[in-house]
Number of protein chains: 2
Amino acid sequence: MPPNKKNTSTRDRLLKVAEMLFAQKGYDSVSVREITTAAHCNLAAVNYHFGNKRALYRHMFRERWMSRAQRILTCFEENLAGRDETSCSSVIQSLAEAFIKGPLTDEERLYHFQLMTRELIKPTDAFDMVAAETMRPFFKTLGQRLRPFLSDTVDEEQAILNIISIIALVIYFNFARVPVSRIIGYAYDEPFKDRLVRHIVQFSLSGMPLKEETR
Amino acid sequence: MPPNKKNTSTRDRLLKVAEMLFAQKGYDSVSVREITTAAHCNLAAVNYHFGNKRALYRHMFRERWMSRAQRILTCFEENLAGRDETSCSSVIQSLAEAFIKGPLTDEERLYHFQLMTRELIKPTDAFDMVAAETMRPFFKTLGQRLRPFLSDTVDEEQAILNIISIIALVIYFNFARVPVSRIIGYAYDEPFKDRLVRHIVQFSLSGMPLKEETR
DNA sequence: GTCTATAGCAGGATAGAC
DNA sequence: GTCTATCCTGCTATAGAC
């Protein structure tokens with residue numbers, strides 16, 4: 001019995017392997033045969049445990065992707081709790097660190113963003129679930145955190161565009177790691193991540209129409 | 001004979017339909033049957049004109065995607081030529097308009113960004129071609145245009161991060177149209193695109209460490 | 001250049017033994 | 001829960017008529 005089969009149920013191995021393969025190749029490019037082989041179990045296991053391939057995908061998103069997103073959100077809250085909560089830069093830095101450095105391994109982070117990006121390009125039923133239970137609450141929380149710092153002269157739409165812009169930077173530097181690494185000429189090591197977080201904080205802080213100097 | 005078959009060669013119809021379907025669904029999720037049916041031609045046409053499915057994809061990228069990217073770049077240059085070239089905001093505004101408003105129809109733009117994003121998540125051999133012939137030159141041009149405005153105290157890496165950040169905003173607001181529209185509550189109509197361009201210019205202009213006030 | 005017909009294979013799913 | 005064996009559908013690609 002292969003080493004990675006120890007102490008894990010077939011069901012859990014299937015979810016783990018499915019996440020990796022779906023993230024890297026996309027739903028249609030992965031066969032059930034490929035998943036079950038990599039998970040060291042029988043072809044029929046997917047149908048036994050989840051019913052069919054589509055349901056495996058949904059369960060994977062529910063049980064793995066969303067709990068991961070939750071971990072990032074928790075990390076954001078914890079980062080913020082350890083800082084001055086009344087400072088706008090604290091909020092942005094906590095956000096950037098939760099995503100760029102955060103609680104995930106580099107591999108997990110890669111899969112996480114690949115899956116999310118695939119859903120953004122072509123939403124499936126999993127996207128509605130994620131949008132309602134993860135993205136919307138997260139966006140709402142972030143809005144409440146940042147709104148107080150924005151100048152009273154900005155309207156609703158401008159406020160939203162500013163918040164989306166910060167998210168855009170964080171997301172982009174995560175999901176475009178490969179091309180960014182090609183341009184800068186080296187990988188995302190820890191020192192670079194620190195400099196990247198600093199850049200994002202500085203760039204978005206200056207970009208926002210703030211009420212007054214509350215850095 | 002269907003109306004859209006008039007005055008177009010089978011080859012051109014195949015490329016056009018292939019682009020749409022590959023963009024929306026991804027390479028593996030589209031069958032040659034689906035393409036040839038939509039292009040109102042025979043199943044064997046793909047193999048006759050391009051050899052196989054993969055070669056059709058490559059030709060599509062070469063002949064349609066890259067010429068489209070060229071049109072955006074040309075639009076950027078034209079926008080800039082009509083403005084004050086010595087102003088940093090002119091450069092950013094020309095860039096944002098070329099992408100957000102630009103020479104493409106909304107449909108074309110959607111396919112364009114879906115295809116690019118798919119290549120970003122999982123690069124194929126088409127990506128190397130695009131990176132070398134389109135993205136790298138574009139990034140270089142943009143770098144040369146913007147570098148003069150950046151403060152002398154910023155190093156190479158900081159300059160690159162700033163330029164990538166501007167691109168990130170432009171790209172993100174394009175490829176994430178669906179979720180952005182959901183959040184703001186309406187579609188990307190022309191007035192909104194104008195406000196969006198203004199936001200991007202303002203946000204990135206303030207975010208950059210400029211030499212002096214050259215707005 | 002366009003068509004039909006078909007080879008050859010891989011896919012998802014299930015029945016039923018253990 | 002896990003396995004083997006198998007069904008059937010749909011895929012790419014090609015041969016060869018027109």
Side-chain angles (χ1 to χ4, degrees), chain A residues 1-64 115 118 122 124-126, chain B residues 1-64 115 118 122 124-126:
Chain A
M1 185 184 287
N4 55 344
K5 194 168 175 176
K6 283 186 236 161
N7 300 328
T8 54
S9 67
T10 296
R11 203 191 121 96
D12 287 345
R13 265 178 292 125
L14 279 172
L15 288 171
K16 188 177 165 69
V17 164
E19 178 177 35
M20 180 186 68
L21 292 173
F22 285 144
Q24 291 181 323
K25 308 173 132 200
Y27 181 81
D28 289 310
S29 309
V30 182
S31 68
V32 174
R33 284 171 161 81
E34 194 176 353
I35 294 171
T36 51
T37 302
H40 301 289
C41 66
N42 189 270
L43 172 62
V46 164
N47 302 285
Y48 175 78
H49 285 285
F50 303 98
N52 57 39
K53 183 186 175 185
R54 191 82 231 160
L56 164 62
Y57 182 80
R58 272 195 299 271
H59 275 94
M60 178 275 286
F61 234 100
R62 228 228 141 77
E63 297 177 31
R64 302 206 112 235
L115 285 170
R118 288 188 189 284
K122 185 165 171 42
T124 69
D125 47 0
Chain B
M1 184 185 288
N4 55 344
K5 194 169 177 176
K6 281 187 239 161
N7 301 327
T8 55
S9 67
T10 296
R11 203 191 121 97
D12 287 345
R13 266 179 290 124
L14 279 172
L15 288 171
K16 188 178 166 69
V17 164
E19 178 178 36
M20 179 187 69
L21 290 173
F22 284 145
Q24 291 180 323
K25 309 172 128 198
Y27 182 80
D28 288 310
S29 310
V30 182
S31 67
V32 175
R33 283 170 159 79
E34 194 175 355
I35 295 171
T36 51
T37 302
H40 302 290
C41 66
N42 189 270
L43 172 62
V46 164
N47 302 286
Y48 175 77
H49 285 283
F50 304 99
N52 56 40
K53 182 186 174 183
R54 190 83 232 160
L56 165 61
Y57 182 80
R58 271 195 300 272
H59 274 93
M60 177 274 286
F61 235 100
R62 214 194 177 91
E63 297 178 31
R64 302 207 113 236
L115 285 169
R118 289 188 189 283
K122 185 164 171 45
T124 69
D125 47 0

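Proteins come first, then strands; the chains are lettered A, B, ... in the order of their sequence lines, and each starts at number 1. Just so you know, these numbers come straight off a predicted model, no measurement behind them.
With hydrogens and angles ignored, the 3.5 Å screen pairs a side-chain donor or acceptor of A:R118 with a backbone N or O of A:Q24. With hydrogens and angles disregarded, a donor-acceptor distance shorter than 3.5 Å links the side chain of B:K53 to the backbone of B:Y27. A donor-acceptor contact shorter than 3.5 Å is absent between the side chain of A:K122 and the backbone of B:A23.
A:L14 places its CG atom 14 Å from the C1' atom of D:dC3, with the value rounded to the nearest Å. Atom CG of B:L43 is separated from atom P of D:dT14 by 12 Å (rounded to the nearest Å). Atom pair A:N47:CG and D:dC7:C1' shows a separation of 14 Å (rounding to whole Å applied).
In this structure, B:L14 and B:C41 approach most closely via the heavy-atom pair CD2-SG, 3.8 Å. In terms of heavy atoms, B:N47 sits closest to B:N52 at OD1-CA, 3.9 Å.
One finds no salt bridge joining B:E63 and B:K16 here, because no Lys/Arg side-chain nitrogen approaches an Asp/Glu carboxylate oxygen to under 4.0 Å.
The stretch residues 48-61 of chain A touches DNA chain D through A:Y48, A:H49, each having a heavy atom within less than 4.0 Å of the strand. Looking at residues 20-34 of chain A, you'll see A:V30, A:S31, A:V32, A:R33 sit with a heavy atom under 4.0 Å from some atom of DNA chain C.
Applying the 4.0 Å criterion to OP1 and OP2 of D:dT2, one finds that A:T10 has a side-chain N or O inside that range. The phosphate of D:dT4 (OP1 or OP2) has a side-chain N or O of A:N42 nearer than 4.0 angstrom.
Taking the six-membered ring where tryptophan is involved, the planes of B:F22 and B:Y57 are perpendicular, since the angle between them exceeds 60° and thus also 30°.
Among residues two or more places apart in sequence or in another chain, the side chain to side chain contact (heavy atoms under 4.5 Å, CB included) test is passed with A:R58 by A:R54, A:A55, A:D125.
Here B:A44 lies in heavy-atom contact (under 4.0 Å) with a base.
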